Amino acid sequence: MRIVVLHGQMHKGSTYNITKLFLENLSDENTEITEFFMPEDTPSFCIGCFNCFMKGEEECPHADKVQAIVKAMDEADLIILESPCYAFGMSGQLKTLLDHLAYRWMVHRPHPKMFSKVGLVISTAAGAGTKKVTKSLKDNLFHWGVAKIYRYGKNVAASSWESVKTEKKLKIEKEVKELSGKISKEIGNVKPGLKTKLMFHIMRMGQKANDWNPTDREYWLNNGWLGASRPW
């Protein structure tokens with residue numbers, strides 16, 4: 001199994017440590033893990049040039065950094081997005097990366113491999129806000145076409161992993177173990193649900209009538225999706 005992790009931060013706090021617990025529970029001797037840390041691996045801010053939409057992702061001025069991450073995601077069986085809650089949202093550095101991946105949404109050019117992958121989103125907060133963060137991260141995975149997505153958010157009531165109460169850590173460890181078991185069973189066995197198929201159908205109708213973006217329409221044509229073929 002191949003796992004790619006997009007860490008929304010570089011400090012090793014509660015979100016990082018919970019992500020590591022997941023990796024320990026999900027991994028065996030055959031597991032390959034690739035990790036990216038924001039902001040070290042964050043590309044420069046998206047400048048809204050529309051090159052990725054209109055000309056192709058390779059024309060993005062930050063393509064070298066973005067496409068290295070995209071390649072790792074395409075090769076992974078499980079994609080993990082994680083971020084602590086910052087002001088009731090994901091970290092700005094992770095959002096900067098995700099801005100560059102809008103061309104991969106179903107409305108534009110979703111990669112066919114995404115429709116057989118599993119996703120996991122993780123967030124922690126000292127107070128509240130993890131529900132909003134995990135929803136936003138899940139929305140990105142959904143619009144990429146990821147077939148099955150799990151969420152894990154935890155309000156840890158502490159500003160560092162070291163100060164999280166022991167009983168809370170034990171509960172987290174139990175929850176992570178249980179959820180990891182469910183995820184492991186899904187790897188290699190998932191297909192898109194009705195919601196994803198419906199969204200794909202709506203986007204397909206839009207591409208049939210697309211007269212403003214030939215790059216997107218040609219992509220759908222080349223994949224056979226405007227005909228009988230589907231990415232699942």
Side-chain angles (χ1 to χ4, degrees), residues 3-11 13 15-16 18-19 22 34-115 117-125 129-153 195-196 199-200 203 213 215-216 219:
I3 303 174
V4 65
V5 187
L6 306 187
H7 296 277
Q9 76 296 318
M10 291 185 67
H11 71 271
T15 307
Y16 171 86
I18 289 175
T19 300
F22 272 105
T34 302
E35 299 177 89
F36 297 95
F37 291 86
M38 312 303 143
E40 180 178 78
D41 296 308
T42 306
S44 298
F45 290 115
C46 172
I47 60 173
C49 65
F50 268 69
N51 280 356
C52 63
F53 295 131
M54 306 302 292
K55 298 179 181 179
E57 57 271 24
E58 66 280 357
E59 297 300 323
C60 170
H62 314 128
D64 288 349
K65 207 157 190 178
V66 174
Q67 291 307 311
I69 298 173
V70 167
K71 183 176 184 295
M73 292 196 305
D74 288 345
E75 294 173 351
D77 301 294
L78 171 64
I79 300 173
I80 300 177
L81 302 184
E82 60 98 316
S83 173
C85 177
Y86 290 169
F88 267 62
M90 72 178 80
S91 68
Q93 49 265 39
L94 181 57
K95 179 63 166 60
T96 296
L97 169 64
L98 297 183
D99 286 347
H100 285 77
L101 302 180
Y103 78 92
R104 305 265 300 196
W105 281 37
M106 276 187 270
V107 68
H108 292 290
R109 301 191 300 278
H111 196 287
K113 287 184 177 180
M114 289 292 147
F115 295 87
K117 296 186 187 299
V118 178
L120 169 64
V121 300
I122 303 167
S123 182
T124 68
T130 59
K131 185 176 181 179
K132 185 174 181 180
V133 175
T134 55
K135 181 183 184 303
S136 181
L137 295 176
K138 181 180 180 180
D139 285 346
N140 277 269
L141 290 174
F142 170 77
H143 284 284
W144 295 346
V146 174
K148 181 72 175 180
I149 307 164
Y150 292 90
R151 294 167 65 176
Y152 187 81
K195 184 179 178 181
T196 299
M199 178 62 72
F200 184 88
M203 297 303 104
N213 188 337
T215 300
D216 282 358
Y219 180 85

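Numbers for residues simply follow the sequence, beginning at 1. Just so it is clear, the structure is predicted and the values come from calculations on it, not from any experiment.
- Taking Y219 as the reference, W225 meet the ring pair (Phe, Tyr, Trp, His ring centres under 6.0 Å) condition, with sequence neighbours excluded.
- The salt bridge (charged side-chain N to carboxylate O under 4.0 Å, His left out) contacts involving residues 52-73 comprise E57-R109, K71-E75, where partners must be two or more places apart or lie in separate chains.
- Using a 4.5 Å cut-off on side-chain heavy atoms (C-beta onward), H7 and M38 make no contact.
- With a 4.5 Å cut-off on side-chain heavy atoms, I80 and V4 do not count as touching.
- At a threshold of 4.5 Å between non-hydrogen side-chain atoms, the residues M73 and L101 count as touching.
- Nearest heavy atoms, I122 versus F22: CD1-CD1, 3.7 Å.
- In plain terms, the two heavy atoms of N213 and F53 that are nearest each other are ND2-O, 3.0 Å.
- Listed for the T215 side chain is a donor-acceptor partner under 3.5 Å among the backbone atoms of M54.
- P110 places none of its side-chain heavy atoms less than 4.5 Å from the side chain of M114.
- Below 30°, between 30° and 60°, or above 60°: for F37 and Y16 the angle between ring planes is between 30° and 60°, a tilted geometry.
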side-chain contact (heavy atoms from CB on, under 4.5 Å) between V118 and V146: does it pass, once the steps are laid out?
CA-CA 6 Å; V118 178; V146 174; 5.7 Å; no
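- The ring pair (Phe, Tyr, Trp, His ring centres under 6.0 Å) test applied to H100 returns H62, not counting sequence neighbours.
- Applying the salt bridge (charged side-chain N to carboxylate O under 4.0 Å, His left out) rule to pairs touching residues 77-90 yields nothing, sequence neighbours excluded.
- A search for side-chain hydrogen bond (donor to acceptor under 3.5 Å, both in side chains) contacts involving K131 returns nothing, not counting sequence neighbours.
- T134 meets the side-chain hydrogen bond (donor to acceptor under 3.5 Å, both in side chains) test with R151; sequence neighbours excluded.
- Applying the side-chain hydrogen bond (donor to acceptor under 3.5 Å, both in side chains) test to pairs two or more places apart or on separate chains, none has a residue in residues 41-52.
- Closest non-hydrogen pair, V5 versus I3, comes out as CG2-CG2, 4.1 Å.
- Nearest approach of T124 to I18, heavy atoms of both residues: CG2-CD1, 3.5 Å.
- Partners of F88 by ring pair (Phe, Tyr, Trp, His ring centres under 6.0 Å), not counting sequence neighbours: none found.
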Show, in sequence, the C-alpha distance, side-chain angles and deciding distance for T34 and F36, and conclude whether the side-chain contact (heavy atoms from CB on, under 4.5 Å) test is met.
CA-CA 7 Å; T34 302; F36 297 95; 3.7 Å; yes
Determine all donor-acceptor pairs shorter than 3.5 Å in which one atom belongs to a side chain in residues 90-98; sequence neighbours excluded.
unit_1: S91; atom_1: OG; unit_2: G8; atom_2: O; d: 2.6
unit_1: S91; atom_1: OG; unit_2: L94; atom_2: N; d: 3.3
unit_1: Q93; atom_1: NE2; unit_2: G8; atom_2: O; d: 3.4
unit_1: K95; atom_1: NZ; unit_2: D99; atom_2: OD1; d: 2.5
unit_1: T96; atom_1: OG1; unit_2: G92; atom_2: O; d: 2.9

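- With sequence neighbours left out, F115 forms a ring pair (Phe, Tyr, Trp, His ring centres under 6.0 Å) with F200, W232.
- The side-chain hydrogen bond (donor to acceptor under 3.5 Å, both in side chains) test with D74 is passed by exactly one of Q67, K117, R104: R104.
- Judged as a side-chain hydrogen bond (donor to acceptor under 3.5 Å, both in side chains), and not counting sequence neighbours, the contacts of Y150 are E186.
- Within the 4.5 Å cutoff, no side-chain heavy atoms of L120 are placed close to those of I79.
- S83 is linked by a side-chain hydrogen bond (donor to acceptor under 3.5 Å, both in side chains) to nothing, counting only residues two or more places apart in sequence or in another chain.
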